[in-house]
2 protein chains.
Amino acid sequence: MATMHDVARLAQVSVSTVSYVLTGTRPISQATRNKVLAAMAQLDYQPNAMARGLASRRSRILGLLMPMDERGLGATETAFVTGAAAAASVAGYHLVLSPVGGGNPDDLRRLASQRMLDGVVLMEVQLADERVTVLQEVGVPLVLIGRTGDTSTLSYVDIDFDQTVREAVAHLVSLGHRQIVYVNHSAATLASGYGPALRTRDAFTAAMTGHGLEPVMIAAEDSAAGGRAALAAAFAQAPKLTAVLAMNETAIFGILGELTGRGLSVPDDVSVVSMVTSPQVAELATPALTAMTSPGSALGRIAIEALTRHLDGPADQRHQQLLPCTLEIRGSTAAPRRPALATSGPTPNNGG
Amino acid sequence: MATMHDVARLAQVSVSTVSYVLTGTRPISQATRNKVLAAMAQLDYQPNAMARGLASRRSRILGLLMPMDERGLGATETAFVTGAAAAASVAGYHLVLSPVGGGNPDDLRRLASQRMLDGVVLMEVQLADERVTVLQEVGVPLVLIGRTGDTSTLSYVDIDFDQTVREAVAHLVSLGHRQIVYVNHSAATLASGYGPALRTRDAFTAAMTGHGLEPVMIAAEDSAAGGRAALAAAFAQAPKLTAVLAMNETAIFGILGELTGRGLSVPDDVSVVSMVTSPQVAELATPALTAMTSPGSALGRIAIEALTRHLDGPADQRHQQLLPCTLEIRGSTAAPRRPALATSGPTPNNGG
DNA sequence: CCGCTTCGTCGAAGCGCTTCGACGAAGTCT
DNA sequence: AGACTTCGTCGAAGCGCTTCGACGAAGCGG
């Protein structure tokens, strides 16, 4: 392993000159620069990351803290990660993912106070999130994906659930649906303060009320069985429902299964829209699901950009931004068989 | 941020003594140790990871290099990651995931030569994998998940595809199936030298031949449409097939959809077994899929243990180990409607 | 042509830690 | 009892880099 010293000797300059060539923090003549670069190439020199980090007090490593549970990561999350990694690379940082279990905030505190990470992006933030507190105490620059309850002081990037739900509902209403049921995450998830579940619940109520319709929400366990149960509950509460809106990638397969089991066809008898869903998952179902696709890659990019701007720039302003999901019409939505008393809306169509 | 110096001064000992308390590399009297520990607690001292790393020339960070593509990570992969992270933590290491795109081996070389990672676990290894070469050149201790073509010199942990396929085939044969089709990954994947696809192909041929049956394999694109096409191809090649074995978590949903589309019921008309599949995905389908569940968490743990043993122990022996998937019978397998001429086998049953 | 800034380079002082050699005190053989 | 180890501690020398202050050499306005 060649060191900077070796490069300096070979190029017949001082170590500091080599350092300036590497970092560009002071002007270096073109001739000297070339000599140094040649020496580096000849020795196959790679700077030692830890020495740089120690001396400069910045590791140029960003951490992405993601809870890894048994559910796996959807395409949305991986798009997020790749978007973030690409943005970090552009800004001259490395991105590493740390699979912190939700379990142990002490682990997190230790990791963060060891000064190995210049900044942190926190995924799957709860409305009241202990991890946020820990990280703030330690003083690590922080960007959240999702929001805590009190959004005032922190930087975050999140999905615009309000607009996403509004758009999904508008799509169904414009097709002629009037009895729309929203299948949310489980009651336990809601109770634990999971922001997306809470915010979509409120947005759904608002959107339906805005159309003069009655909002019906069902909480479903995150499993196929949960989806089946939820559909049964939905029919119990709204026997004449013609459309299901769901934000539960797992339960939705149970919903589809149960629909088929009841002899109902999608989309002719019941339309289905899946929210915050990746195209890959949407294509898994037959028919492919009309879905609100999450802006995964953009979320990741923007989060990292906000973080690096904070780290490199002098002003430590915060960045708060919402991005809506986009409607992608596939085969699971159509006009209801017997359109309810049409109040408004364009011609129903078969959404290709 | 308190430093070791501060701790030493407060405890009225030398810095080296504090270091020995921290690392346990030399004996320290109980009295001194207590003084030091008290000082650390009082100052809320956390050692600086980069200083330790620079001085000791070991970062105590292990990298898990995982390709992140648009397909997302299944529960198998996340189980792998959590198993690995837990094992690393036990051994006193941090595990970070690096989302290296398959794209750029130079990025990888840079990352690895910066001495930030004490060792590396490489996922999704190809039979001829450029990344392996790069990492070996750089001299980073390495454990593979999967195997290269030449398995002689490297440490690896992999699924025992041979036994897994044998067991899956045995299950179907014992139910009375004789016409079994194997749906593999795509032809392109096979051509690219993806080990699991190649090995299961050979294992399937061997297993079927061993039972005196004819092996039929179909390559399917990793998509629902690919699955549908594969099923059509399967029926073209083996019109009387009664069972499908698949190793393609995405295509399998297309297979199921197409089966339903043809008016065939699972498991009464056709049995389906999904290989290297997590319980979560298996439960998504209706009926839930009989599957060969991959030993994700154990794979991760064993890989990390092999790596840390190599790093901490003196002998640098290599570790090569295969783990089979375990059969979990759910609702997608049963005796065929008209069992073929029974050659052997226990009583067909309905697999709970 | 003198004082002044800017350019390009050097040497040295750390960054916060580990680790080596040394050394007095104590224990252990024989 | 003398010769060795072992124990418990210290001081100092780095690990490989960044960064600060310094300084000769140009460039330049007056």
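All chains are named by letter (A, B, ...) in the order of the sequence lines, taking the proteins before the strands, and each is independently numbered beginning at 1.
Of the possible polar contacts, one joining the D118(B) side chain to the R60(B) backbone as a donor-acceptor pair under 3.5 Å is found. A donor-acceptor pair is defined here as one N or O able to donate and one able to accept, closer than 3.5 Å; such a pair exists between the side chain of D6(B) and the backbone of T3(B).
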Requested in this report: Summarise how protein sits on nucleotides 9-19 of chain D as a single string, 5' to 3': B when a protein heavy atom is under 4.0 Å from the base, S for sugar-phosphate-only contact, - for no contact.
Outcome: BBB--BBBBBB
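R115(B) is linked by a side chain to side chain donor-acceptor pair (under 3.5 Å) to nothing, counting only residues two or more places apart in sequence or in another chain.
Residues S192(B) and T189(B) bring no donor and acceptor atom of their side chains to less than 3.5 Å of each other.
Rounding to the nearest 0.5 Å gives a distance of 8.0 Å between CE of M1(A) and CD of Q46(A).
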